[in-house]
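Side chains are part of it too, since the values below use all heavy atoms of this structure and drop only hydrogens, waters and symmetry mates. Please read all numbers here as calculations on a predicted model, not as lab measurements.
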Amino acid sequence: MTDTAPGGRPRRRPPRRGARPVRGQRTHRRYLVRRWAVIGTMLVITGVVSVVFFTPVFGANTVDVLGTTELTADEVRAAAAIEPGTPLARLDTDEVARRVRQLPRVGSVDVRRSFPASVEVIITERTPVVFVQRDDGAHLLDAAGVDYSTLRAAPPGLPRLDAGGDQAARAATSVLASIPAQLTKQVTAVSANTATDIRLTLADSRVVKWGDAENAPRKAAVLAALLTQKGKTFDVAAPDFPTIS
């Protein structure tokens, strides 16, 4: 209901005290809905983060070990030292890998989270290419010249190494790791007085003067052709000028 103001213009009555315009009520209601939606979303996110990072729901309940041959899965698990229930999101995989690499037989290791509740530890064990005979037994060396295990007797078919030092040993093992398997099977002994004076003794007692560890594929190819000829000593130290004596 309106009154007539002077001049004939209608005069609106002022709204009653305590009354809120309809448009204002809708705006306020939308504001409350958005506010509670944001709060609800934050609570959900907080809950999810808490479950993932601070509870064992997504924890390391099992540790699966892959790639072992000589090592046992329990030995690897013990070295990994992963506390059961440790949240996967907080697991330091680099630190776990570092602990597993302390096992002498481990050449490389890869640690992966496997949600929802397990960890995979994938290892590659060292492979022996030669052995060094010492007073306490046969020391196994891998392609990098790492002495990682000692046995009473060397595995059958593994060449024996006599080296004049660690550098010479590493050069010799790198040669054996880079030549074709067919040639490796013929090698029964390796000598390396220095890193540049490597010699291979074959099963038929023939000797190969290899020289240094450089150009191994080229030397192996040249040697394969030379071995078809008669001789006791085959020199491929300079593969472009090989000799037989």
Could you tell me whether Q102 atom CD has more than 12 heavy atoms of other residues or ligands within 6.0 Å of it?
-> yes
Within a reach of under 6.0 Å around CD of Q167, are more than 12 heavy atoms found that belong to other residues, nucleotides or ligands?
-> no
Is the shortest distance from a Lys or Arg side-chain nitrogen in D136 or R134 to a carboxylate oxygen in the other one below 4.0 Å?
-> no
Can you tell me how far [atom2] of [Y] sits from [atom1] of [X], rounded to the nearest 0.5 angstrom?
X    : Y    : atom1 : atom2 : value
R199 : N193 : CZ    : CG    : 7.5 Å
R160 : F131 : CZ    : CZ    : 5.5 Å
I122 : R112 : CD1   : CZ    : 3.5 Å
T243 : K209 : OG1   : NZ    : 7.0 Å
D212 : D197 : CG    : CG    : 10.5 Å
L176 : L183 : CG    : CG    : 8.5 Å

Given I82, which of D92, L91, T62 fulfils the side chain to side chain contact (heavy atoms under 4.5 Å, CB included) condition?
-> L91
Only residue of T184, V208, V236 satisfying side chain to side chain contact (heavy atoms under 4.5 Å, CB included) with L200 is V208
Identify the two heavy atoms, one from [X] and one from [Y], that lie closest to each other, and give their separation to 0.1 Å.
X    : Y    : value
V190 : P159 : CG2-CB, 4.3 Å
A192 : A172 : CB-CB, 4.1 Å
A237 : P239 : O-CD, 3.4 Å
R105 : S149 : NH2-OG, 3.2 Å
R77  : V63  : NE-O, 2.8 Å
A220 : P180 : CB-CD, 3.6 Å

With no hydrogens and no angle check, do the side chains of R113 and T93 hold a donor and an acceptor under 3.5 Å apart?
-> no
Answer with yes or no whether the hydrophobic clustering places [X] together with [Y]; edges join I, L, V, M, F, W, Y residues whose side-chain heavy atoms lie under 4.5 Å apart.
X    : Y    : answer
L223 : I244 : yes
V96  : L71  : yes
L151 : Y148 : yes
I179 : L227 : yes
L140 : V187 : no

What I'd like to find out is whether the side chain of [X] reaches to under 4.5 Å of the side chain of [Y], using heavy atoms alone.
X    : Y    : answer
D142 : T127 : no
V222 : F234 : no
R218 : D240 : yes

Would you confirm whether [X], through its side chain, and [Y], through its main-chain N or O, come within 3.5 Å as a donor-acceptor pair?
X    : Y    : value
R206 : G231 : no
K219 : A213 : no
E70  : E125 : no
R99  : A80  : yes
T188 : T201 : yes

Steps toward side-chain contact (heavy atoms from CB on, under 4.5 Å) verdict (L141, L161) | CA-CA 9 Å; L141 276 63; L161 171 65; 4.1 Å; yes
